[in-house]
Amino acid sequence: MPSLLVLVFGIGIGWMSRQAAAQAPAPAAHVEVVRENPEITALVLKIYGQMRAGKVDETLLTDMMNKELSPMALALQRPIFNQLGNPVKLTLESSDKTPYGMRWVYLAAFATAQLHVKIYVMSDGKVGGYELAL
């Protein structure tokens, strides 16, 4: 099992446009009550499912993210997606508002691992970042 975690960490299934990465907020100095947004939770699952299938709906993503999540890039990650399968549980951990959008962090429990899913939704509603990380 540890080989999965090393493999996931070593490959780094993470995509974030340079714009979103530059605009990502610094850690909050105070603790806010986190409220789940069912639309964002559904979006996280939808994009993950589409990544597993090898093609993400281009209308959901910024131009930069469409390049990062190309079918070729996703094909390289297919063995990891196949090993992980679908999440069995998704729990919102935090969210941060910025002048450019909103970043949401979830804990995804899979049958064989737990990973953090970070999604950055820009002000226009397009996804500017999506990352799976330890």
Side-chain angles (χ1 to χ4, degrees):
M1 199 56 50
S3 63
L4 171 68
L5 297 178
V6 171
L7 180 62
V8 170
F9 183 75
I11 291 178
I13 304 175
W15 296 278
M16 185 164 297
S17 70
R18 287 183 196 97
Q19 178 186 15
Q23 297 166 351
H30 65 285
V31 176
E32 284 186 34
V33 175
V34 179
R35 293 194 182 112
E36 187 161 0
N37 180 327
E39 291 177 12
I40 300 300
T41 302
L43 181 62
V44 167
L45 292 170
K46 180 178 186 173
I47 290 176
Y48 179 80
Q50 291 179 357
M51 289 182 350
R52 281 194 71 204
K55 178 148 175 52
V56 178
D57 179 354
E58 295 176 358
T59 64
L60 298 174
L61 309 173
T62 62
D63 291 341
M64 184 67 80
M65 281 302 298
N66 274 310
K67 291 176 186 169
E68 296 290 327
L69 292 177
S70 71
M72 182 182 288
L74 294 174
L76 294 173
Q77 305 300 329
R78 183 174 301 269
I80 294 170
F81 291 133
N82 288 341
Q83 190 172 9
L84 285 172
N86 288 323
V88 294
K89 185 176 180 185
L90 191 65
T91 306
L92 179 64
E93 291 191 327
S94 67
S95 61
D96 298 301
K97 185 172 175 61
T98 75
Y100 306 102
M102 194 86 176
R103 181 179 61 155
W104 306 81
V105 179
Y106 290 83
L107 180 63
F110 298 87
T112 58
Q114 285 190 3
L115 298 173
H116 286 94
V117 180
K118 301 173 186 176
I119 187 170
Y120 193 89
V121 181
M122 309 302 280
S123 299
D124 65 1
K126 301 262 185 174
V127 175
Y130 195 100
E131 180 180 14
L132 296 170
L134 292 178

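Scanning for side-chain contact (heavy atoms from CB on, under 4.5 Å) contacts around A109 gives V88, K89, Q114, with sequence neighbours left out. Applying the side chain to side chain donor-acceptor pair (under 3.5 Å) criterion to T91, with sequence neighbours excluded, gives no partner residue. Partners of N37 under the side chain to side chain donor-acceptor pair (under 3.5 Å) rule, at least two apart in sequence or in another chain, do not exist in this structure.
Taken to the nearest 0.5 Å, the OH atom of Y130 stands 11.0 Å off from the CG atom of L61. Annotation: the span from Q77 atom CD to N82 atom CG amounts to 11.5 Å, rounded to 0.5 Å. Atom CH2 in W104 sits 8.5 Å away from atom CD in E36 (nearest 0.5 Å). Between atom CE of residue M65 and atom NZ of residue K126 there is a gap of 12.5 Å, rounded to the nearest 0.5 Å. Taking OH from Y48 and CG from L43, the interatomic distance works out to 15.0 Å, rounded to the nearest 0.5 Å. Distance CG/L60 to CG/N66: 8.5 Å, rounded to 0.5 Å.
Looking only at side-chain heavy atoms (C-beta outward), L45 and Y106 stay at 4.5 Å or farther from each other.
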Note to self: Show, in sequence, the C-alpha distance, side-chain angles and deciding distance for L92 and T41, and conclude whether the side chain to side chain contact (heavy atoms under 4.5 Å, CB included) test is met.
What the structure shows: CA-CA 8 Å; L92 179 64; T41 302; 5.7 Å; no
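The salt bridge (Lys or Arg N to Asp or Glu O under 4.0 Å) pairs that include a residue from residues 45-55 are K55-E58, where partners are two or more places apart or lie in different chains.
Nearest approach of P79 to L76, heavy atoms of both residues: CD-O, 3.7 Å. Of all non-hydrogen atoms in P87 and A108, the two that sit nearest each other are CB-CB, 4.4 Å.
Partner Y120 forms a side-chain contact (heavy atoms from CB on, under 4.5 Å) with one of T62, V105, T98 and no other, that one being T98. Each of V44, I119, D57, L69 was scored for a side-chain contact (heavy atoms from CB on, under 4.5 Å) with V127, with one residue passing: I119.
In the hydrophobic cluster analysis, where Ile, Leu, Val, Met, Phe, Trp and Tyr join through side-chain heavy atoms closer than 4.5 angstrom, L84 is grouped apart from L107.
For D63, the CG atom sits in a loose shell: 12 or fewer heavy atoms of surrounding residues, nucleotides or ligands are nearer than 6.0 Å.
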